[in-house]
Engineer: 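A single structure is presented below for examination.
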Amino acid sequence: MLREIRSLGFEWAELSHGIRVSLLPGIIEAVDAGDIKISSLHNFCPLPMGVNHAAPNLYLFSSLDPRERENAYRHSVRTIETAARLHAGVVVLHMGCIDMKEYTGKLLEMVQQGKKETSKYTDLCEVVTEKREKKKEHYVQYANEMLDRLSKPAETHGVKLAIENRQALEELPLDSDFELLLREFDRPNIGYWHDCGHAQIKENLGFIDHRIHLECMSPRLLGFHVHDVAFPGHDHRPPGSGTVDFAALKPLVKPEHIKVFELSPNLSVDEVTKGVAHIRQVWGEA
């Protein structure tokens, strides 16, 4: 797996939330042999025993069930320890979600049908916003308590925790709460991870302005998941093929930021290489 990635010209790779325990010895061997370097891990990595599919939300930081939260903590610490073993400096985290009806799919369907400017769409967006604010308190509390707990083992192992923006409207942190969260956790080992596709979906829905959101987060920015979005919500497409204005983001992209191409496994090698070439052209070699 890692040699294939290396053969495409990548010197670094992120290990995702789909890495089975059985793959870990080979990964360690490849890293120790110098075949490739690991930039970051995405929680949970490796997957818990018996889980054989990508499962970043298997255990929620925000769960009202203390047993689930304890499982989330235990497997997150394992991810941090694995990152340290592989000399990766960052672990990307999902913070959980509010237990409420899922509206993102319905709103994307309405946008696809050209109904974004209708009163029905506006009313539904207001319903989502009101429900989130009404229900979020305990979920945010538990998620933040988990982040506080995890910052200690992360500091011990010299690993930074990067909180990822999410595409679903019920997922945490809410975009409107991100700045407050990062002010509360003003620690050198906690930062922000920008997923270009997720932010673009939120912009296509009318909930954020992609560039302004990134600009607000830029002082704490650690890295990117780079992919494009076929309008309105089909993400993990090659950069340059969709609706993300990568040129508008360029002034906020710095050499020290990690840039991970998070692309669909259905893409061809040609699509991958063209997408990478597009980013190099727009953002430059840095």
Engineer: Can you name the closest pair of heavy atoms from Phe231 and Val111 and give their distance?
Structural biologist: CZ-CG1, 3.4 Å
Engineer: Can you confirm whether more than 12 heavy atoms, excluding those of Glu155, are under 6.0 Å from its CD atom?
Structural biologist: no
Engineer: List, by chain and number, the other hydrophobic cluster members for Phe44, where Ile, Leu, Val, Met, Phe, Trp and Tyr join if side-chain heavy atoms come within less than 4.5 Å, directly or indirectly.
Structural biologist: Leu47, Val51, Leu58, Tyr59
Engineer: Any chain of hydrophobic side-chain contacts (each under 4.5 Å) joining Val229 to Met110?
Structural biologist: yes
Engineer: More than 12 foreign heavy atoms under 6.0 Å from NZ of Lys160: is that the case here?
Structural biologist: no
Engineer: Verify the distance criterion only: is there a donor paired with an acceptor across the side chains of Ser39 and Glu14 at less than 3.5 Å?
Structural biologist: no
Engineer: Looking at Leu161, Asp148, Leu182, Leu147, which one forms a side chain to side chain contact (heavy atoms under 4.5 Å, CB included) with Arg187?
Structural biologist: Asp148
Engineer: Check whether Glu102 reaches the backbone of Thr104 with its side chain - one donor and one acceptor, N or O, closer than 3.5 Å.
Structural biologist: yes
Engineer: Take atom NZ in Lys274; do more than 12 heavy atoms of anything else shown fall under 6.0 Å from it?
Structural biologist: no
Engineer: Please determine if Glu215 and Arg211 form a salt bridge, counting it only when a charged side-chain N lies under 4.0 Å from a carboxylate O.
Structural biologist: yes
Engineer: Are Asn43 and Ser76 close enough that a side-chain donor and a side-chain acceptor fall under 3.5 Å?
Structural biologist: yes
Engineer: Quick one: pull up CD in Glu179 and CD in Glu184 and give me the separation to the nearest 0.5 Å.
Structural biologist: 14.0 Å
Engineer: Taking atom CD1 of Ile190 and atom CG of Leu93, what is their separation to the nearest 0.5 Å?
Structural biologist: 8.5 Å
Engineer: Is the backbone N or O of Gly242 less than 3.5 Å from a side-chain atom of Asp228, with the two atoms forming a donor-acceptor pair by type?
Structural biologist: yes
Engineer: If we ignore angles and hydrogens, is there a donor and acceptor under 3.5 Å between the side chains of His42 and Glu164?
Structural biologist: yes
Engineer: Under 6.0 Å from the NZ atom of Lys135, do we count more than 12 heavy atoms belonging to anything else shown?
Structural biologist: yes
Engineer: Closer than 4.0 angstrom, basic N to acidic O: yes or no for Arg149 and Glu70?
Structural biologist: yes
Engineer: Look at atom CD of Gln281 and say whether more than 12 heavy atoms of other residues, nucleotides or ligands are closer to it than 6.0 Å.
Structural biologist: no
Engineer: Are side-chain N/O atoms of Gln141 and Glu145 paired as donor and acceptor at under 3.5 Å?
Structural biologist: yes
Engineer: Working note: Asp177 + Lys136, criterion salt bridge (charged side-chain N to carboxylate O under 4.0 Å, His left out); need CA distance, chi angles, decisive distance, verdict.
Structural biologist: CA-CA 11 Å; Asp177 291 344; Lys136 74 178 184 181; 2.9 Å; yes
Engineer: Please test Phe207 against Cys125 for side-chain contact (heavy atoms from CB on, under 4.5 Å), starting from the C-alpha separation and ending with a verdict.
Structural biologist: CA-CA 9 Å; Phe207 278 79; Cys125 288; 3.7 Å; yes
Engineer: Are Phe185 and Ile163 in one and the same hydrophobic cluster, where Ile, Leu, Val, Met, Phe, Trp and Tyr link if side-chain heavy atoms are under 4.5 Å apart?
Structural biologist: yes
Engineer: Indicate if Ile38 and Val159 have the same hydrophobic cluster label, given that clusters are the connected sets of ILVMFWY residues with side-chain heavy-atom separations under 4.5 angstrom.
Structural biologist: yes
Engineer: Checking side-chain polar atoms at under 3.5 Å, does His236 have a donor or acceptor matched by the opposite partner on Asn266?
Structural biologist: no
Engineer: Hydrophobic clusters here meaning ILVMFWY residues chained together by side-chain heavy-atom distances under 4.5 Å, can you tell me if Leu60 and Leu64 are in one?
Structural biologist: no
Engineer: His17 and Thr79: side-chain contact (heavy atoms from CB on, under 4.5 Å), yes or no, with the steps?
Structural biologist: CA-CA 10 Å; His17 44 70; Thr79 301; over 6 Å; no
Engineer: What pairs with Phe61 under ring-ring contact (aromatic ring centres under 6.0 Å, His included), at least two apart in sequence or on another chain?
Structural biologist: none
Engineer: Can you measure from CG (Leu107) to CD1 (Ile201) and round to the nearest 0.5 angstrom?
Structural biologist: 12.5 Å
Engineer: Side-chain atoms of residues 24-36: list all donor-acceptor pairs with protein atoms under 3.5 Å, sequence neighbours left out, distances to 0.1 Å.
Structural biologist:
residue	atom	partner	partner atom	Å
Asp32	OD1	Arg85	NH1	3.4
Asp32	OD2	Arg85	NH2	2.9
Asp35	OD2	Arg3	NE	3.4
Asp35	OD2	Arg3	NH2	3.3

Engineer: Taking Val91 as the starting point, is it possible to reach Leu86 by hopping between hydrophobic residues whose side chains are less than 4.5 Å apart?
Structural biologist: yes
Engineer: Using the side-chain contact (heavy atoms from CB on, under 4.5 Å) rule, take Phe261 and Val272 through it: C-alpha gap first, then chi angles, then the decisive distance, then the call.
Structural biologist: CA-CA 9 Å; Phe261 289 88; Val272 171; over 6 Å; no
Engineer: Distance from Phe178 atom CZ to His194 atom NE2, nearest 0.5 Å?
Structural biologist: 10.0 Å
Engineer: Measuring from Ser22:OG to Asn52:CG, what's the distance to the nearest 0.5 Å?
Structural biologist: 7.5 Å
Engineer: CD/Glu81 to OG1/Thr156 distance, rounded to the nearest 0.5 angstrom?
Structural biologist: 10.0 Å
Engineer: Check the pair Val127 / Lys131 against side-chain contact (heavy atoms from CB on, under 4.5 Å), numbers first and verdict last.
Structural biologist: CA-CA 6 Å; Val127 168; Lys131 284 190 174 182; 3.9 Å; yes
Engineer: State, to 0.1 Å, how close Val260 and Ser40 come at their nearest heavy-atom pair, and which atoms those are.
Structural biologist: CG2-OG, 4.0 Å
Engineer: If we check ring-ring contact (aromatic ring centres under 6.0 Å, His included) with His257, which of these qualifies: Tyr192, Trp283, Phe224?
Structural biologist: Phe224
Engineer: Before we go on, tell me: are the rings of His210 and His198 under 6.0 Å apart, centre to centre?
Structural biologist: no
